[in-house]
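Notes for the one structure printed next.
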There are 2 protein chains.
Amino acid sequence: MWTMQVSARGDYAVRAAVSLASTHPTTVSAQSLADGEGLPHKFLEAVLADLRRGGVVTSVRGADGGYRLARDPGEISVGAVLRAVDGPLAGVRGQRPEEVTYDGASAHLPDLWIAVRAAVRNVLDEVTLAQVATGRLPARVRRLVGSEGAWEPR
Amino acid sequence: MWTMQVSARGDYAVRAAVSLASTHPTTVSAQSLADGEGLPHKFLEAVLADLRRGGVVTSVRGADGGYRLARDPGEISVGAVLRAVDGPLAGVRGQRPEEVTYDGASAHLPDLWIAVRAAVRNVLDEVTLAQVATGRLPARVRRLVGSEGAWEPR
DNA sequence: ACCAATCCTACAAAACAAGTAGGAATACTG
DNA sequence: CAGTATTCCTACTTGTTTTGTAGGATTGGT
């Protein structure tokens, strides 16, 4: 149904991370994070575990424990969050764009896939959690948001 | 495993379309298309049926029948091909980026999703089958391909 | 009539996504 | 030291999607 899609996992992870950014450096429990963003609690726990393993978040166990960002919200990109829970940003048929090879007429196709990945990276790796939390996105990204037809379905 | 991925369907569709672009306007059977690109024949038939319904390709039935591009290879974008087989280019949790809404800290997140989609569109909708077939990609896209770290995994 | 092709329907196996369930380990608080 | 709120770990479920395959009906040129 979709050519490229951000999964529920990815969406939840970013929302949780942005939420943590907005209260940084307070420690917040998975439960209140789930309540605040309207996410399924147990599923979010699994997502937060990935974020911890990926070094995005640190956790505190025991009563009054919870999660907080491992670094400053201005130092963590949305791309880093997504990679922590869903792996590499962009792929083709289960492979990295630079790994696919074709011969014949489609020999130049990898260039296109590389370009798509670069375009995605230029957005997701350049936007920080702090920027999303405050709504102050970089000029390059704002330009994309405001560009002709950006809000139109196709 | 992947944040955003081009499916096997999508990959096959683009390869078939580029292949047809390189021999345009000859009519080519699904069988020789499959042989030429190394694709599973019956699966490719289903993909070509989608391309036909999407107006990308026209078919000729009967012996010596086959498929050819419905328009000039320079008039068909890769984005059009992908949309024909896999639906909208970019989504979030099964919805279009402009349809997702959040409240609280993530209120500005839709802007980011819109920007990602716009970035993807700027590549896929601006590159034609003719350009992929000849390897002469637009300057904007070539710049992405050659940009710092574009070929590096992350 | 023959034959090579598209076209259509149905099925199947595997992988993946999204979540649930239950409880063990941990650490703060009275 | 008991209670309690939390993370953490393993396993399971359930439904959907993806990636095909199988078989044959239909078409149309020679």
Side-chain angles (χ1 to χ4, degrees), chain A residues 1-16 20 26-54 56-68 70 82 85-88 91-95, chain B residues 1-16 20 26-54 56-68 70 82 85-88 91-95:
Chain A
M1 182 62 185
W2 300 88
T3 298
M4 310 183 89
Q5 189 176 196
V6 175
S7 68
R9 277 182 87 73
D11 182 50
Y12 294 171
V14 174
R15 285 160 72 183
L20 286 175
T26 314
T27 296
V28 183
S29 75
Q31 185 67 69
S32 43
L33 222 36
D35 292 347
E37 290 281 336
L39 312 179
H41 165 233
K42 285 300 251 181
F43 191 32
L44 180 62
E45 263 191 17
V47 170
L48 286 166
D50 282 340
L51 290 180
R52 177 174 47 79
R53 285 181 217 109
V56 172
V57 132
T58 60
S59 63
V60 179
R61 303 187 68 165
D64 242 48
Y67 300 87
R68 97 178 66 121
L82 288 172
V85 297
D86 273 336
V92 178
R93 275 184 70 207
Q95 291 190 302
Chain B
M1 182 62 188
W2 300 87
T3 297
M4 310 184 88
Q5 190 176 196
V6 175
S7 67
R9 276 183 88 74
D11 182 51
Y12 294 172
V14 174
R15 284 159 72 182
L20 286 175
T26 313
T27 296
V28 183
S29 75
Q31 186 66 69
S32 44
L33 223 36
D35 292 348
E37 290 281 338
L39 312 179
H41 164 235
K42 286 299 253 181
F43 192 33
L44 179 62
E45 263 191 18
V47 169
L48 286 166
D50 282 339
L51 290 180
R52 176 175 48 78
R53 284 181 219 111
V56 172
V57 133
T58 60
S59 63
V60 180
R61 303 188 65 165
D64 242 47
Y67 301 87
R68 97 179 66 124
L82 288 173
V85 298
D86 273 336
V92 177
R93 275 185 69 206
Q95 290 189 304

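Letters A, B, ... mirror the listed sequences (proteins, then strands); counts begin at 1. Reckoned from all heavy atoms, side chains included, excluding hydrogens, waters and symmetry mates.
- In this structure, Y12(A) and S7(A) have side chains that are not in contact, with every pair of non-hydrogen atoms separated by 4.5 Å or more.
- Within the 4.0 angstrom heavy-atom criterion, only backbone atoms of the sugar-phosphate kind lie near A30(A); the bases stay farther away.
- Remark: side-chain polar atoms of R15(B) are paired, donor with acceptor, to backbone N or O of E37(B) under 3.5 angstrom.
- Scanning DNA chain D 5' to 3' for nucleotides with an atom closer than 4.0 angstrom to a non-hydrogen atom of chain B gives a first and last hit of dT19(D) to dG28(D).
- One atom, NZ of K42(B), and another, P of dC11(C), lie 16 Å apart when rounded to the nearest Å.
- The shortest non-hydrogen separation linking D86(B) to G10(B) is OD2-N, 3.5 Å.
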For nucleotides 13-18 of chain C, tabulate all protein N/O to nucleotide N/O atom pairs closer than 3.5 Å, reporting atom names and distance.
residue : atom : partner : partner atom : Å
dA18(C) : OP1  : A8(A)   : N            : 3.4

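- Inter-residue side-chain proximity for S29(B) and Y67(B) is flagged as unmet; no heavy-atom pair is nearer than 4.5 Å.
- When the side-chain nitrogen and oxygen atoms of S59(B) are compared with OP1 and OP2 of dA5(C), none of them lie within a distance under 4.0 Å.
- Within the 3.5 Å criterion, the main-chain N or O of H41(B) finds no donor-acceptor partner in the side chain of Q31(B).
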Begin with the C-alpha distance, continue with both residues' side-chain angles, and end with the deciding distance and a verdict on side chain to side chain contact (heavy atoms under 4.5 Å, CB included) for R68(B) and V57(B).
CA-CA 6 Å; R68(B) 97 179 66 124; V57(B) 133; over 6 Å; no

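- What separates CG of D50(B) from C1' of dC7(C) is a distance of 13 Å, to the nearest Å.
- Heavy atoms only, all atoms of each residue included: A34(B) and L44(B) are closest at N-CD2, 3.6 Å.
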Where do Q95(B) and V92(B) land on the side chain to side chain contact (heavy atoms under 4.5 Å, CB included) test, with the steps shown first?
CA-CA 5 Å; Q95(B) 290 189 304; V92(B) 177; 5.7 Å; no

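- Note on A46(A): nothing from the nucleic acid sits closer than 4.0 angstrom, heavy atoms only.
- Going from atom NE2 of H41(B) over to atom C1' of dA4(C) covers 11 Å, rounded to whole Å.
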Derivation of the side chain to side chain contact (heavy atoms under 4.5 Å, CB included) call for L48(B) and L33(B):
CA-CA 10 Å; L48(B) 286 166; L33(B) 223 36; 4.2 Å; yes

Restricting to nitrogen or oxygen on both sides, can you table the protein-nucleotides 25-30 of chain C pairs closer than 3.5 Å?
residue : atom : partner : partner atom : Å
dA25(C) : N3   : R61(A)  : NH2          : 3.3

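- Within 6.0 Å of CG on D64(B) lie no more than 12 heavy atoms contributed by other residues, nucleotides or ligands.
- Smallest separation of non-hydrogen atoms from A46(B) and R9(B): O-NH2, 4.3 Å.
- Computed from coordinates, the E45(A) CD to dT20(C) C1' distance equals 12 Å when rounded to whole Å.
- As a whole-Å value, the separation of R52(B) CZ from dA5(C) P is 17 Å.
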